[in-house]
Amino acid sequence: MHTSLCFVLSLIVCSSACFADDVQLSRTPKPTGRIVSQYETWNQMSFAVKNDTSNEDNFLVTTYFDEVPGQQYARRLWLPAHSRRQSWMLVKTPSKISEGDLAEAKGMQTLVLQDQGYGETAVASDSGRRSHDHYVRCVEWSPKKLLLTDSNTPDVLEYMNSLKTGNARGYHIQMDGEFPTSVTAYDEVTHIVLSTSRILTNPLAIDTLRSWLFAGGDLWVHLDRVDEKILNHLLSGGGSVSVVDELDLTSIQVTGPEVSRLSFDETTIEAERPLRMLRVVHQGFEEMATVDGWPIVIEKSVGNGRIVVTTIDSRALYVPRTFRERAQSSRPRSTAVGGSLGEVFFNDRNNQTSETTDWSNISSSYIGYTVTKKSTVTWILLVFSATLILSCIWCWRSRQYFRMTIISPVLAFFATLALFLLGSHSRGAIAPTEAMIQFAELDREGNVSIQGGRSTYRTVAGQENISLRDSGWVDFTSSLPGSAKRLVWSENGDRSWENLDLPAGQQASSLQIQKKMMPTVASLTLDEKGLVGTISGESDSGFTSGILVFPSGDRSSARMNRLGQLLSQPSDMLAPGQYSTDEVLDDRGKMRSEVFQKLLSGPRQFPVEARLYYWKKPFDLEIEDFESIREDGDALVSVPVQFQRPASGSSFYLPKFIIHFRSIINPTGGVSTVFNNRKRIWNESTSSLSDTTLRCSIPDIFAPFELSRLNVILDLRIPGREVRIHAKKRDGSMELLKVLESPVGRQEIEIQSAEFLHQDPSDVLTLHIHVGAIQDVIAQEMNADNSSWKIERVQFEGWAKSQ
């Protein structure tokens, strides 16, 4: 029988009546807000403990799965006399056993333990049970959507049901109970709909939701059911919403702005019961739908996540079912606005996430190792072989063959001993080491989310307790053998791994930490050479190299001079797929480039605001472990960029990565089919005609300014066609700038006329590119495979003077 199982059973058997049977588990742990749980995911398990005795005491509530009794999860609690406490712990579900089964009921045992001084004793409930069994249904795939609501919200549930497509359990519902207070509890959850103000009573739960949002979650807030204080606390990096009025309407006319991600025609919604609508003013949001000029759907990016806010009753988003439809169990239907909003919000944006990074494997590379010289091993084997041959010859000539049965094992023993001592010496040459690789993302308020890997090298084996005082977790469950391991949460929020049987040698683990630091931003301005600035805050020490990433997807290398100034000039601009300007990369440089490649291959490639990624020494995490002699590692830090206006009267250069452009509805109607705003890519096309209108902008902070010149750089592959380039004048008309016949390669257009260069930072230039039909003569010479064309790249650079 497994050692850890014997340990648990011995606790139950040796427990006696030395403690009253009035302390009991009054509510068996169950996953918060989830009906089913995915294999190998973290879940917050809520429970309650009751103490009917006249004595206060400390207890330990511990849980383990029947399949892995050697892995326990626990919570230390203090219970006053005659009290009942609710609490929670994080539990990681076991892995899948049977390949054919899509779902399995995993048996889970929970005990209430008391430390009697000589050992832990299981406390029996009034029913005489000391172990409380429970089942957690685990599945291969679990819904990634979570609805946080109240029990009296049928309208929200009706709308969510109208969005279901085939999967009867397309989302989890949490109508009561505690809200998660650890980001890890939202493991595998990608979308959350918040439709309750109950979370206002738990500030820690709001901070947890905010950290999850910043890390890349998608949050939908029903403001008609959520206090605006909650919404404003969730926002990061600017932005606010204020309610100024409230209306009850039976008829609304919904319209969309000129550029909106929602696709619906102007529509009128009638309701038998008045629809509650909030009139709000906002800052930093993008409007997606309006009623009488007031927004009812707004959107904003927060860190790597996004937040959508609706200010109208959910009944405006679906068509109420008739009595006959309810009797036939017909699914509700969405309105045009509700259906489009559901598609935009619940589309799996996380499919575009960057490639998963194996942080623990990277951290292991910092430990290093020593290799015994090949010549040393060769000499040992040669001496052993020569001695064995000479001994055989001597025994053969003396005809004492039986002596070989003694000599051969003795020679083999000494050769093996020599190799063993050599290996021990090589292993002992490495000092006890702690190495970390960290990826830290900071927002403007100083909230830090750190993920990464941690590797340790120990020269001796032994029992260890590893404590973590920062919010988050360090995961040892997948790799440590030995007796029963226990992850314990304490009253003050500390976590510790107890009874870890750590072997000598190298041990790797993964980590996810949330910290609070001084607000840190990269403050940059423009001069005649490019970007110059500084990094403020406490994370700027040890800067080695960095990359600036802009909303356009452009990247530029950043470096720091001897004066501590951060510099990035046009020569530092990186080509697609390039992550360093160094011509020769060492092993660490190659590792850093690989990390950049994985991180910047997803949504981080096109941030909503410019961000600086730079390498420094690892953050000091509050992990209490064995005393290490050597520390090594790297931290990749991501901080927001804050632009500052150049001094009045100074001239400055606008590099390519500062001027951002997006495709807008062109005068001839419709949106360009060859440029994708979201992915920032130009598509190859065979269309006979094509029109694309680009609007260029620069950060508002640089205004007011006087733009003196703007260069348009185009890389085209459009054989056999005529390309016309137009620019928008101040009066709104379009004027032809240049006609290109069958352009292939780089083309450059210089614009100096004040008629085309606007002083509005949101529209410094509007450019229209018209691609004509292929010429008849050329069309006869070209086959269908060669008739395609493509705009490879468009860039802008300019010169201006601050006013």
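Contact between F214 and D443 at its shortest, heavy atoms only, is CE1-CB, 3.3 Å. Between S568 and F657, the closest heavy-atom pair is OG-CZ, 4.1 Å. Across all non-hydrogen atoms, the minimal contact from A800 to L654 is CB-CD1, 4.4 Å. The minimum heavy-atom distance linking T544 with K616 is given by the pair OG1-N, 4.4 Å. Closest approach of S685 and V674 over heavy atoms only: CB-CG1, 3.9 Å. For the pair A727 and L765, the tightest heavy-atom approach, listed with the atom from each and the gap, is CB-CD1, 4.4 Å.
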What verdict does the side chain to side chain contact (heavy atoms under 4.5 Å, CB included) test give for I751 and F796, after you've listed the backbone C-alpha separation in whole Å, the side-chain angles of each residue and the deciding distance to 0.1 Å? CA-CA 11 Å; I751 302 175; F796 301 86; over 6 Å; no
Might you work through the side chain to side chain donor-acceptor pair (under 3.5 Å) test for S334 and S162, ending with a clear yes or no? CA-CA 6 Å; S334 303; S162 71; 2.9 Å; yes
Check the pair V723, Q747 against side chain to side chain contact (heavy atoms under 4.5 Å, CB included), reporting the backbone distance first and the verdict last. CA-CA 11 Å; V723 179; Q747 304 288 333; over 6 Å; no
In sequence, state the C-alpha distance, the side-chain angles, and the governing distance for Q752 and E750, and then conclude on side chain to side chain donor-acceptor pair (under 3.5 Å). CA-CA 7 Å; Q752 294 184 349; E750 183 179 288; 2.8 Å; yes
Check step by step if side chain to side chain contact (heavy atoms under 4.5 Å, CB included) holds for V639 and V521. CA-CA 6 Å; V639 299; V521 295; 5.8 Å; no
Determine, stepwise, if the pair Y613 / Y579 fulfils ring-ring contact (aromatic ring centres under 6.0 Å, His included). CA-CA 11 Å; Y613 293 82; Y579 303 96; over 10 Å; no
Evaluate ring-ring contact (aromatic ring centres under 6.0 Å, His included) for H191 paired with F345, printing each intermediate quantity in order. CA-CA 8 Å; H191 297 79; F345 179 75; 5.4 Å; yes
Before giving the answer on side chain to side chain donor-acceptor pair (under 3.5 Å), spell out for T255 and T290 the whole-Å C-alpha distance, their side-chain angles and the decisive distance to 0.1 Å. CA-CA 5 Å; T255 59; T290 60; 3.0 Å; yes
Derivation and outcome, side chain to side chain contact (heavy atoms under 4.5 Å, CB included), residues M591 and D634: CA-CA 11 Å; M591 180 274 294; D634 283 310; 4.0 Å; yes
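When atom types are taken as modelled, the side chain of E528 and the backbone of Y653 share no donor-acceptor pair closer than 3.5 angstrom. Formation of a donor-acceptor pair under 3.5 Å by the S742 side chain with backbone atoms of R721 is not found in this model. A donor-acceptor pair is defined here as one N or O able to donate and one able to accept, closer than 3.5 Å; such a pair exists between the side chain of R210 and the backbone of H233. Of the possible donor and acceptor atoms, none in the side chain of S557 sits under 3.5 Å from a partner among the backbone N and O of S580. Using modelled atom types, no side-chain atom of S802 and backbone atom of S650 make a donor-acceptor pair closer than 3.5 Å. Put simply, the side chain of E287 never gets that close to the backbone of A289: no donor and acceptor are under 3.5 Å apart. A distance-only check finds no donor-acceptor pair linking the side chain of S552 to the backbone of I659 [under 3.5 Å]. A donor-acceptor distance shorter than 3.5 angstrom exists from the side chain of R611 to the backbone of S638, with no hydrogens or angles considered. Formation of a donor-acceptor pair under 3.5 Å by the D224 side chain with backbone atoms of M277 is not found in this model. The backbone N or O of D763 sits less than 3.5 Å from a side-chain atom of H758, completing a donor-acceptor pair.
With contacts defined as side-chain heavy-atom distances shorter than 4.5 Å, the pair Y614/L566 does not qualify. Counting heavy atoms from C-beta outward, L548 and L524 have side chains that approach closer than 4.5 Å. Proximity of F652 to I658: side-chain heavy atoms (C-beta onward) are nowhere separated by under 4.5 Å. Side-chain atoms of T766 and M734, non-hydrogen and from C-beta on, do get closer than 4.5 Å to each other. Counting heavy atoms from C-beta outward, K738 and P743 have side chains that stay 4.5 Å or more apart. The shortest side-chain heavy-atom distance between V595 and W615 falls under the 4.5 Å cut-off. Annotation: side chain of L526 is in contact with side chain of L531 (closest heavy-atom distance under 4.5 Å). Residues V297 and V308 form a side-chain contact, since some pair of their non-hydrogen atoms from C-beta on lies under 4.5 Å apart.
Residues D218 and K144 are not paired through a salt bridge, judged by the lack of any N-O separation under 4.0 Å between the basic side chain and the carboxylate. Salt bridge K656/D554: absent, no basic N to carboxylate O contact under 4.0 Å.
The distance from atom CG of L231 to atom NE2 of H222, rounded to the nearest 0.5 Å, is 12.5 Å. One distance of note links CG of L317 with OG of S340; it measures 11.0 Å at 0.5 Å rounding. Rounding to the nearest 0.5 angstrom, the gap separating the CG atom in L223 from the OG1 atom in T310 is 7.5 Å. The distance from atom CG of L234 to atom CG of L209, rounded to the nearest 0.5 Å, is 5.0 Å. Taking CZ of F756 as the reference point, atom CG of L737 lies at 5.0 Å (rounded to 0.5 Å). Atom CH2 of residue W682 and atom OG of residue S663 lie 7.0 Å apart, to the nearest 0.5 angstrom.
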Acceptor/donor pairs from residues 708-717 side chains to any protein atom, 3.5 angstrom cut, sequence neighbours excluded:
from, atom 1, to, atom 2, distance (Å)
S708, OG, W799, O, 3.0
N711, ND2, E748, OE2, 3.3
R717, NE, E792, OE2, 3.1
R717, NH2, E684, OE2, 3.3

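Ring-plane geometry between F285 and H282 is classed as perpendicular, the angle between the planes exceeding 60 degrees on a 0 to 90 degree scale with a lower cut at 30.
With a 6.0 Å cutoff to the six-membered ring centre and a 45° limit on the axis angle, R662 does not count as a cation-pi contact of F675.
A side-chain hydrogen bond (donor to acceptor under 3.5 Å, both in side chains) with S672 is found for one member of T692, D691, T693 and no other, namely T692.
Partners of K728 by salt bridge (Lys or Arg N to Asp or Glu O under 4.0 Å), not counting sequence neighbours: none found.
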